[in-house]
Amino acid sequence: MAELMVSAQKVHKHFGRHEVLKGIDLSVPPGQVVCIIGPSGSGKSTFLRCINHLEKIDAGLIEVDGDLVGYRRKGDKIFELSEREVAERRQRIGMVFQHFNLFPHRTVVENITEGPIKVLKEDRGQVTERAKELLRKVGLSEKENAYPASLSGGQQQRVAIARALAMRPKLMLFDEPTSALDPELVGDVLGVMRSLAEEGMTMIVVTHEIGFAREVGDYLIFMDGGVVVEAGDPRNVIANPQQERTRLFLSKVL
Amino acid sequence: MAQIHVENVNKAHGGKPEAISAIPLRHPGRWVAVAIIALFMAMGLHTVFTNPRFKWSLQWSYFFSAQILHGVSTTLELTVASMAIGVTLGVILAVMRLSSNPIVTGAAWFYIWVFRGTPLLVQLLIWANLGALFPTLSIGLPFGHQFFVKQTFTIIPSVAAALLGLGLNEAAYMAEIVRAGIISVGEGQAEAAASIGMRKMMIMRRIVLPQAMRVIVPPTGNETISMLKSTSLVAYVPYVELLFATQNIYTRNYQIMPLLIMASLWYLGITSILMIGQYYVERYYAKGSSRQLPLTPLQKIKMRISKFGVK
């Protein structure tokens, strides 16, 4: 295993003329939970999407588990990866989206088994057993044959986490996983994420849940305007922000 | 609805109140409409049964004649085969149009531009008369030696001209329908599929297209019904289908109107069967998109009856 699970150096990204990321650095050792907070439009979701190549970066580099994201190094040259290679690398990176993005035409258990069966070509019976185990873990054993439309947002998000875990990822990316949920349902999802962190999963979580960042996070990044304004131990940053911008943001969300 | 609400409120306080017995709202306009429509229906039925020029018995004698049945089966075969060509090619064209390769996108756009921009009848006639433009068709090196040369009319008999004309034209329309369906599936679906390591083709086949079907099926049903009727244009290729068979009969016995009405009844009958099929296919692809599937007509009728029973 590489020394760092994720290593980002001077990551730049622009959409047309608009520069979204202006040089982001980040190092995540295995087993660490990094939380990224910041106002909307700060580039935090875009940065997360760059890590599994859903967005292409324009400058800088990102490595996941020792491999460049989107490229292959050979000697002193860098080659763009083929569509197949990009897909293969994504297998090791789980992602959970703000709007769940479950497959509505598949049942809960089919959502979870789709990747392992079709992408990893694993045995259907074994995968189904594992899917049921994962559903027990996220507290939804009784919903295995339900369609996503009949589940609450919190339940859908927990299925989405199980779907990502079924691929046995080394890294989990969470893109505002609780932002689309009713306040009452947020706790269930955060609970699942917390136990995942306790099991030692490497996680990068874009979130507005300051409490989660403080209690579960090992490292906190505050982003604004495409740059990292402040970073450090979550308890320190939240209790005693050094930058005026961080102080202003925290005073509004706490 | 209001009644249920009142009930619930009262239940909280204990006893259930009596059902409301208000005098229902009157709808005088409905009775006027019923009267007018009934009058027109009566007039229509009267002429159908009393005008001897309809020649119903003559129509009936031809309805299941060998010639007409042959025409009907050809019409059905043409419809199915042309739609199969149209749907297959349409899906390919739609995926091409959404490709990131500008040449591929442009080629699909050009195809759709040509085949949607010229009348179907003209296209059919061009295929039927292709031999006038290219007397021979051959396989060989471009601008060089030809290994295989044949007369055009032997390679493209009228049945092939009919299928090429109908199928290639349909593909242009189906491409736009499929494209609309693909676009209707949210980007998040493809992203979620990509995040579990699926490749583009697999995402299209297993995630996007099945969901796009809900948008694709209803207009495709329309296209099938439209295709059934468009096959009548093939009579000018010429190729024997229902209309051509009908024309063959009335050019001999001059019973033009009775036979045209008979052909219309055949088209109407087949269309009705297609509509039923379409309903159930739509219902199948609604799976997962709504919490409860809509009732089938049979279930609706049963419910109506049981409702009356309660009253």
Side-chain angles (χ1 to χ4, degrees), chain A residues 45 48-49 51-55 82-108 110-121 146-151 156 159-160 162-169 171-175 180, chain B residues 91-92 95-105 178 180-218 220 280-295:
Chain A
S45 284
L48 194 75
R49 291 161 59 82
I51 296 173
N52 71 349
H53 208 50
L54 283 180
E55 305 286 353
S82 70
E83 192 256 332
R84 178 175 57 80
E85 290 168 310
V86 168
E88 273 169 12
R89 296 219 176 154
R90 283 197 187 114
Q91 294 169 12
R92 302 180 299 177
I93 308 172
M95 185 150 186
V96 174
F97 299 85
Q98 180 176 0
H99 296 289
F100 333 130
N101 298 352
L102 291 180
F103 308 133
H105 58 305
R106 300 254 191 271
T107 62
V108 164
E110 286 168 352
N111 263 276
I112 299 171
T113 57
E114 180 78 14
I117 293 174
K118 291 294 160 186
V119 178
L120 301 178
K121 313 282 181 205
Y147 279 98
S150 67
L151 303 183
Q156 289 191 47
V159 173
R163 176 176 67 180
L165 290 177
M167 297 293 290
R168 296 206 181 95
L171 167 70
M172 285 284 287
L173 307 174
F174 292 85
D175 188 6
Chain B
V91 171
I92 295 170
V95 173
M96 281 172 72
R97 270 208 79 176
L98 295 166
S99 154
S100 51
N101 182 338
I103 303 296
V104 171
T105 314
V178 174
I182 290 172
I183 291 172
S184 78
V185 180
E187 271 182 31
Q189 287 293 311
E191 286 182 356
S195 79
I196 54 173
M198 281 193 176
R199 294 184 59 185
K200 279 182 185 164
M201 281 307 287
M202 189 187 266
I203 295 173
M204 186 55 76
R205 212 179 58 240
R206 293 198 53 89
I207 306 300
V208 176
L209 278 180
Q211 293 183 61
M213 288 305 277
R214 204 164 50 86
V215 172
I216 293 172
V217 166
T220 305
Y280 284 94
V281 175
E282 275 178 35
R283 199 167 174 276
Y284 174 80
Y285 281 107
K287 194 177 62 172
S289 66
S290 55
R291 293 182 188 205
Q292 223 175 354
L293 285 178
L295 296 173

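This is a predicted model, so every value here is computed, not measured.
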Q: Please report the closest heavy-atom contact between B:A194 and A:L54, naming both atoms and the distance.
A: CB-CD2, 4.3 Å
Q | B:M198 versus chain A, the contacting section by heavy-atom distance below 4.5 Å | A | both
Q: Answer yes or no: is there an ion pair linking A:E88 with B:R199, defined by an N-O contact shorter than 4.0 Å?
A: no
Q) By a 4.5 Å heavy-atom criterion (distance strictly below it), what part of A:M167 contacts chain B: side chain, backbone, both, or neither? A) side chain
Q: Heavy-atom distances under 4.5 Å only: say whether A:R106 touches chain B with side chain, backbone, both or neither.
A: side chain
Q) Taking all atoms of both residues into account, what is the closest heavy-atom pair of A:P104 and B:Q211, and its distance? A) CG-OE1, 3.1 Å
Q. Which region of A:R92, side chain (C-beta onward) or backbone (N, CA, C, O), has a non-hydrogen atom less than 4.5 Å from a non-hydrogen atom of chain B, or is it both or neither?
A. neither
Q.
If you compare all heavy atoms of B:I207 against all heavy atoms of A:H105, which two are closest, and at what distance to 0.1 Å?
A. O-CE1, 3.7 Å
Q.
Donor-acceptor check, side chain of A:N101 to backbone of B:G188, threshold 3.5 angstrom: yes or no?
A. yes
Q) Checking A:L102 against chain B: side chain, backbone, both or neither under 4.5 Å from a heavy atom? A) backbone
Q | Neighbour count above 12 (heavy atom, 6.0 Å) for A:E83 CD | A | yes
Q. Under a 4.0 Å N-O cut-off, is there an ion pair linking A:E114 with B:R206?
A. yes
Q: Please tell me if the side chains of A:F97 and B:S195 come closer than 4.5 Å, counting only heavy atoms from C-beta onward.
A: yes
Q | A:K118 and B:I196, any side-chain heavy atoms less than 4.5 Å apart | A | no
